[in-house]
K.L.:
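One structure, pasted below without further comment.
Because the structure is predicted, anything quoted here is derived from the model rather than measured.
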Amino acid sequence: MTDSVRPLLFLDVDGPLIPFGPTWTGRRPGRAAPPAPGTGNPLLARVEPADGPRLAALPCDLVWATTWQADANEAVAPLLGLPELPVVDIPEPDGADGPGGLHWKTPLLVDWAAGRPFAWVDDEITGADRAWVAAHHPARALLHRVDPGRGLTETDFDALDAWLRAG
């Protein structure tokens, strides 16, 4: 597979990389200590540094697809040991999904992919998004929902790696 046809991996931050849901049980062993009060977003303490090398090892081009926008490069990427990544321009959500429950990010990501295969990691993906992508995107796509209370897990990384390598 050449670099020009490598799949994209669209990454959301809240949920996949910063677990926050009701099932989040606290820091995993080896996680960085929370920032000192007044020095940063306390949610950043939930970022798992070991996720960075695992993401970087996947056979794809990583892209931020988050309302963190460029702040993901400034605040999250260094915690993961990732370089600066491209950022999908995601407007502030208006709180309303599209017709049939379509997530407001879905059409933006399909447009950004411009026909390239892509995987999307988010905690808000539904069947409506999968159906819309299947009908509007000509290439392979994996819409992978992550449990926001746990964030990315071994099972998630295995599923992403298998799909990316199957291309």
Side-chain angles (χ1 to χ4, degrees), residues 7-97 101-106 108-109 112-113 118-130 133 141-165:
L8 300 166
L9 175 53
F10 293 118
L11 290 168
D12 184 31
V13 171
D14 293 318
L17 296 174
I18 297 178
F20 62 87
T23 59
W24 188 71
T25 58
R27 292 175 40 222
R28 288 184 268 180
R31 183 164 296 181
T39 62
N41 185 329
L43 292 177
L44 291 172
R46 297 179 179 199
V47 171
E48 177 61 60
D51 288 348
R54 298 205 60 195
L55 289 165
L58 293 171
C60 61
D61 295 332
L62 302 173
V63 179
W64 294 120
T66 174
T67 56
W68 281 68
Q69 301 277 6
D71 289 343
N73 278 322
E74 294 175 22
V76 181
L79 296 174
L80 295 168
L82 294 175
E84 185 171 312
L85 302 176
V87 178
V88 176
D89 184 21
I90 305 234
E92 281 295 318
D94 62 9
D97 283 336
L102 183 68
H103 194 286
W104 49 270
K105 284 184 192 176
T106 306
L108 295 170
L109 299 182
W112 208 94
F118 72 85
W120 173 23
V121 174
D122 203 305
D123 61 306
E124 297 180 341
I125 294 169
T126 68
D129 302 302
R130 289 182 182 94
V133 169
L142 171 68
L143 280 64
H144 185 80
R145 185 185 179 282
V146 172
D147 177 347
R150 297 177 57 187
L152 285 168
T153 65
E154 184 78 23
T155 302
D156 297 314
F157 278 106
D158 289 346
L160 289 166
D161 189 59
W163 185 86
L164 290 163
R165 292 185 189 284

K.L.:
Does a side-chain heavy-atom distance below 4.5 Å link Phe10 with Leu62?
P.N.:
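Side-chain contact under 4.5 Å: no.
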K.L.:
State, yes or no, whether a side-chain contact exists between Cys60 and Leu8 at a heavy-atom distance under 4.5 Å.
P.N.:
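In short, these two side chains do not touch, never coming nearer than 4.5 Å.
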K.L.:
With sequence neighbours excluded, what pairs up with Trp163 under the ring pair (Phe, Tyr, Trp, His ring centres under 6.0 Å) test?
P.N.:
none
K.L.:
Would you please name every residue forming a side-chain contact (heavy atoms from CB on, under 4.5 Å) with Pro53, sequence neighbours left out?
P.N.:
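Per chain and number, Pro53 pairs via side-chain contact (heavy atoms from CB on, under 4.5 Å) with no residue.
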K.L.:
Set out, in order, the CA-CA distance, both residues' side-chain angles and the distance that settles side chain to side chain contact (heavy atoms under 4.5 Å, CB included) for Val121 and Asp156, then state yes or no.
P.N.:
CA-CA 9 Å; Val121 174; Asp156 297 314; over 6 Å; no
K.L.:
Starting from the C-alpha separation in whole Å, work towards a yes-or-no answer on side chain to side chain contact (heavy atoms under 4.5 Å, CB included) for Leu55 and Leu17.
P.N.:
CA-CA 11 Å; Leu55 289 165; Leu17 296 174; 4.1 Å; yes
K.L.:
Going through the distances and angles, do Asp51 and Phe157 end up as a side chain to side chain contact (heavy atoms under 4.5 Å, CB included)?
P.N.:
CA-CA 9 Å; Asp51 288 348; Phe157 278 106; 3.6 Å; yes
K.L.:
Are Phe20 and Pro148 side-chain neighbours, meaning at least one heavy-atom pair lies under 4.5 Å?
P.N.:
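Sidechains of Pro148 and Phe20: in contact.
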K.L.:
Assess whether side chain to side chain contact (heavy atoms under 4.5 Å, CB included) is satisfied between Trp112 and Val87, documenting all intermediate values.
P.N.:
CA-CA 10 Å; Trp112 208 94; Val87 178; over 6 Å; no
K.L.:
Flag the pair Arg150 / Pro19 as yes when at least one side-chain heavy-atom distance between them is below 4.5 Å, and no otherwise.
P.N.:
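They are not in contact (no side-chain heavy atoms under 4.5 Å apart), so the answer is no.
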K.L.:
Nearest 0.5 Å please: distance from the CG atom of Asn41 over to the CZ atom of Arg46.
P.N.:
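If we round to the nearest 0.5 Å, Asn41:CG and Arg46:CZ are 10.0 Å apart.
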K.L.:
If I compare all heavy atoms of Leu108 with all of Pro91, which pair ends up nearest, and what's the gap?
P.N.:
CD1-CD, 3.7 Å
K.L.:
For Asp161, enumerate each residue passing the salt bridge (Lys or Arg N to Asp or Glu O under 4.0 Å) test, keeping only those at least two apart in sequence or located in another chain.
P.N.:
Arg165
K.L.:
Do Leu58 and Leu9 come close enough that some side-chain heavy atom pair is under 4.5 Å?
P.N.:
yes
K.L.:
I'd like to check Val88 versus Val63 (side-chain heavy atoms, cut-off strictly below 4.5 Å). Are they in contact?
P.N.:
yes
K.L.:
Apply ring pair (Phe, Tyr, Trp, His ring centres under 6.0 Å) to Trp120 and list each qualifying residue two or more places apart in sequence or on a separate chain.
P.N.:
His103
K.L.:
Tell me the closest heavy-atom pair linking Ala72 and Val13, and the distance in Å.
P.N.:
CB-CG2, 4.3 Å
K.L.:
Report all side-chain donor-acceptor pairs from residues 73-83 shorter than 3.5 Å, counting only partners two or more places apart or in another chain.
P.N.:
{"from": "Asn73", "atom 1": "OD1", "to": "Trp64", "atom 2": "NE1", "distance (Å)": "2.9"}
{"from": "Asn73", "atom 1": "OD1", "to": "Leu85", "atom 2": "N", "distance (Å)": "2.7"}
{"from": "Asn73", "atom 1": "ND2", "to": "Leu85", "atom 2": "O", "distance (Å)": "2.8"}

K.L.:
Identify, with sequence neighbours excluded, every residue that meets salt bridge (Lys or Arg N to Asp or Glu O under 4.0 Å) alongside Arg130.
P.N.:
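So Arg130 forms no salt bridge (Lys or Arg N to Asp or Glu O under 4.0 Å) with any residue.
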K.L.:
Can you list every salt bridge (charged side-chain N to carboxylate O under 4.0 Å, His left out) pair that touches residues 8-20, not counting sequence neighbours?
P.N.:
Asp12-Lys105
K.L.:
Partners of Thr106 by side-chain hydrogen bond (donor to acceptor under 3.5 Å, both in side chains), sequence neighbours excluded?
P.N.:
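Once residues adjacent in sequence are excluded, the partners of Thr106 under the side-chain hydrogen bond (donor to acceptor under 3.5 Å, both in side chains) criterion are Asp129.
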K.L.:
The criterion is side-chain contact (heavy atoms from CB on, under 4.5 Å); which residues satisfy it with Asp89, sequence neighbours excluded?
P.N.:
Gln69
K.L.:
Are any of the side-chain heavy atoms of Val146 and Asp122 separated by less than 4.5 Å?
P.N.:
no
K.L.:
Please determine if Glu154 and Arg54 form a salt bridge, counting it only when a charged side-chain N lies under 4.0 Å from a carboxylate O.
P.N.:
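Salt bridge present between Glu154 and Arg54.
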K.L.:
Heavy atoms only: give me the nearest Leu142-Ala159 pair and the separation to one decimal.
P.N.:
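Smallest heavy-atom distance, with atoms named: CD2-O, 4.4 Å.
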